> 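My structure is below; once you've seen it, I'll send some questions.
If you're wondering where the values come from, they're calculated on a predicted model, not measured in any experiment. Every heavy atom of this structure was used, including side-chain atoms; hydrogens, water molecules and symmetry mates were not. Count residues from 1 along the sequence.
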Amino acid sequence: VFAALHGAFRHAAALVATRRARSDADERARELAELTTIGLALSTERQLGSLLDLILTHARRVTTSDAGSLYLVERDDAGVPRQLRFAMAQNFSLPAIPFSSFVVPIDHSSLAGYVAATGEPLVIGDVYLLPDDVSYRQNRSFDDAFGYHTRSMLVLPMKSHRDEIVGVLQLINRKRDPEMRLLSDDIVEREVLTFDESCVNRTTALASQAAVAIENGRLYEDIEKLFEGFVTAAVTAIESRD
């Protein structure tokens, strides 16, 4: 009897393991298909502003983030990274918040600056409870000005195929319910989750695709400006002859 029970238990455990493996394989296949679809969408967008909006929208969706922002690296004439430009922001709970661009130094004082300087991601459960031994701090001016409560964050570098950092992707407040608006501290306490390993893996893959798309978008804009300059110069030369 004991042998029969032991055999039945092993069989049941094998069935559970098989189902779990199939479920994991199905999930990986679904994630791969989703990333492929996102990559195709990014590769077809040429306008940089629309591209940044698309990147942030997809990144928020795959991580169920309430808000997010994008910083782009600005370089000097020699190609050396000089600073980060705050280039795009989205906030599901406060969609009407006005956007204004600003720059952040590439150093260890801010979250985005630290990620750009080190090339390493940050996964933070509560930005208001950062340990004393870290150099970076969250800027609370947005929360104070608009009554928002930033809690969990995922901050990732966007690296090109040459391993150069093109920008920084910052995701804020991963939620249980994607449609929930975080309009009070009680809702934040109940709904906001820490970004897990799955979120980090998916968003890292997306950030790599985004970096290549941003480089292509910038190149396309440079070509357009060069062509416009050529046309303007040609028209000026023709008019001066006339």
Side-chain angles (χ1 to χ4, degrees), residues 35 38-39 42 45 48-63 65-76 79-92 97 99-127 130 134-143 148 150-174 194-197 199-219 221:
L35 285 171
I38 292 172
L42 296 182
E45 181 56 62
L48 186 59
S50 299
L51 177 61
L52 298 181
D53 187 66
L54 192 63
I55 291 168
L56 200 49
T57 297
H58 283 304
R60 286 182 47 241
R61 182 175 57 79
V62 300
T63 57
S65 299
D66 187 61
S69 53
L70 268 173
Y71 296 80
L72 295 181
V73 171
E74 293 185 338
R75 301 176 183 273
D76 60 21
V80 178
R82 182 166 50 93
Q83 60 191 9
L84 287 174
R85 170 75 58 181
F86 184 68
M88 178 66 62
Q90 294 177 358
N91 191 305
F92 181 79
I97 294 299
F99 171 80
S100 58
S101 182
F102 57 88
V103 295
V104 174
I106 299 178
D107 58 22
H108 290 201
S109 61
S110 67
L111 304 181
Y114 177 89
V115 168
T118 64
E120 298 296 325
L122 288 175
V123 183
I124 302 171
D126 191 336
V127 294
L130 290 172
V134 299
S135 58
Y136 46 81
R137 285 290 177 267
Q138 165 68 0
N139 185 343
R140 299 190 186 184
S141 59
F142 178 86
D143 287 14
Y148 191 71
T150 301
R151 190 166 189 173
S152 65
M153 292 187 68
L154 171 59
V155 192
L156 289 165
M158 294 188 293
K159 296 182 180 180
S160 70
H161 62 281
R162 296 187 300 273
D163 207 35
E164 294 179 347
I165 295 178
V166 175
V168 173
L169 174 61
Q170 188 168 269
L171 297 170
I172 300 167
N173 286 344
R174 178 186 173 219
T194 299
F195 291 89
D196 60 15
E197 185 179 358
C199 287
V200 175
N201 292 338
R202 287 198 302 269
T203 316
T204 299
L206 192 153
S208 297
Q209 294 177 326
V212 174
I214 288 170
E215 282 198 320
N216 291 341
R218 281 176 159 173
L219 180 61
E221 283 196 344

> For side-chain contact (heavy atoms from CB on, under 4.5 Å), just list the numbers for Q209 and H58, CA-CA rounded to whole Å, side-chain angles, deciding distance to a tenth of an Å, and then say yes or no.
CA-CA 11 Å; Q209 294 177 326; H58 283 304; over 6 Å; no

> What is the distance from atom CD1 of I172 to atom CZ of R60, rounded to the nearest 0.5 Å?
10.0 Å

> With sequence neighbours left out, write down each residue that passes side-chain contact (heavy atoms from CB on, under 4.5 Å) with S101, or none if nothing qualifies.
R85, F99

> For Q170 and Y71, work out which heavy atoms get closest and say how close.
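Looking at all heavy atoms of both residues, the shortest contact is NE2-OH, 3.9 Å.
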
> With side-chain contact (heavy atoms from CB on, under 4.5 Å) as the test, would you mind laying out the steps for R140 and T150 before giving the verdict?
CA-CA 8 Å; R140 299 190 186 184; T150 301; over 6 Å; no

> What pairs with Y136 under side chain to side chain donor-acceptor pair (under 3.5 Å), at least two apart in sequence or on another chain?
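Y136 satisfies side chain to side chain donor-acceptor pair (under 3.5 Å) with no other residue.
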
> Tell me every residue that passes side-chain contact (heavy atoms from CB on, under 4.5 Å) with A59, counting only those two or more places apart in sequence or in another chain.
L169, L171, L206

> Quick check: does any side chain N or O of N173 sit under 3.5 Å from a backbone N or O of S152, one acting as donor and the other as acceptor?
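Yes, N173 side chain to S152 backbone: donor-acceptor pair under 3.5 Å.
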
> With a 4.5 Å limit on heavy-atom distance, are the side chains of L72 and L84 in contact?
no

> Can you tell me how the ring of F142 sits relative to the ring of Y148, calling it parallel under 30°, perpendicular over 60° and tilted otherwise?
perpendicular

> Identify, with sequence neighbours excluded, every residue that meets side-chain contact (heavy atoms from CB on, under 4.5 Å) alongside R137.
L130, D132, V134

> Residues two or more places apart in sequence or in another chain: which of them pass side-chain contact (heavy atoms from CB on, under 4.5 Å) with D76?
A78, V80, R82

> Could you give the distance from CD1 (I106) to CD (Q83), rounded to the nearest 0.5 Å?
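I106 CD1 to Q83 CD: 8.0 Å, rounded to 0.5 Å.
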
> Rounded to the nearest 0.5 Å, what separation is found between the CG atom of D53 and the CG atom of L48?
11.5 Å

> At their closest point, which heavy atom of V168 faces which heavy atom of M158, and how far apart are they?
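Scanning both residues, the minimum pair turns out to be N-CE, 3.7 Å.
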
> How long is the straight-line distance from CG of L156 back to OG1 of T204, given to the nearest 0.5 Å?
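Atom-to-atom, T204:OG1 and L156:CG are 4.5 Å apart.
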
> Tell me the closest heavy-atom pair linking V103 and E74, and the distance in Å.
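In this case the closest contact between V103 and E74 is CG1-OE1, 4.3 Å.
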
> Tabulate below the donor-acceptor pairs under 3.5 Å that side-chain atoms of residues 115-127 make, not counting sequence neighbours, or state none.
residue	atom	partner	partner atom	Å
T118	OG1	Y114	O	2.8
T118	OG1	E120	N	3.2
D126	OD1	Y128	N	2.9

> Ignoring hydrogens and geometry, is there a side-chain-to-backbone donor-acceptor pair from N91 to A67 under 3.5 Å?
no

> Could you pull out the closest heavy-atom pair between G68 and L56, with the gap in Å?
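For G68 versus L56, the nearest heavy atoms are O-CD2, 3.5 Å.
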
> What's the shortest heavy-atom distance between C199 and L154, and which atoms?
O-CD2, 4.2 Å

> For Q138 and L111, work out which heavy atoms get closest and say how close.
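Nearest pair, atom of Q138 first, then L111: OE1-CD1, 3.4 Å.
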
> Taking atom CE of M88 and atom OG of S50, what is their separation to the nearest 0.5 Å?
8.0 Å

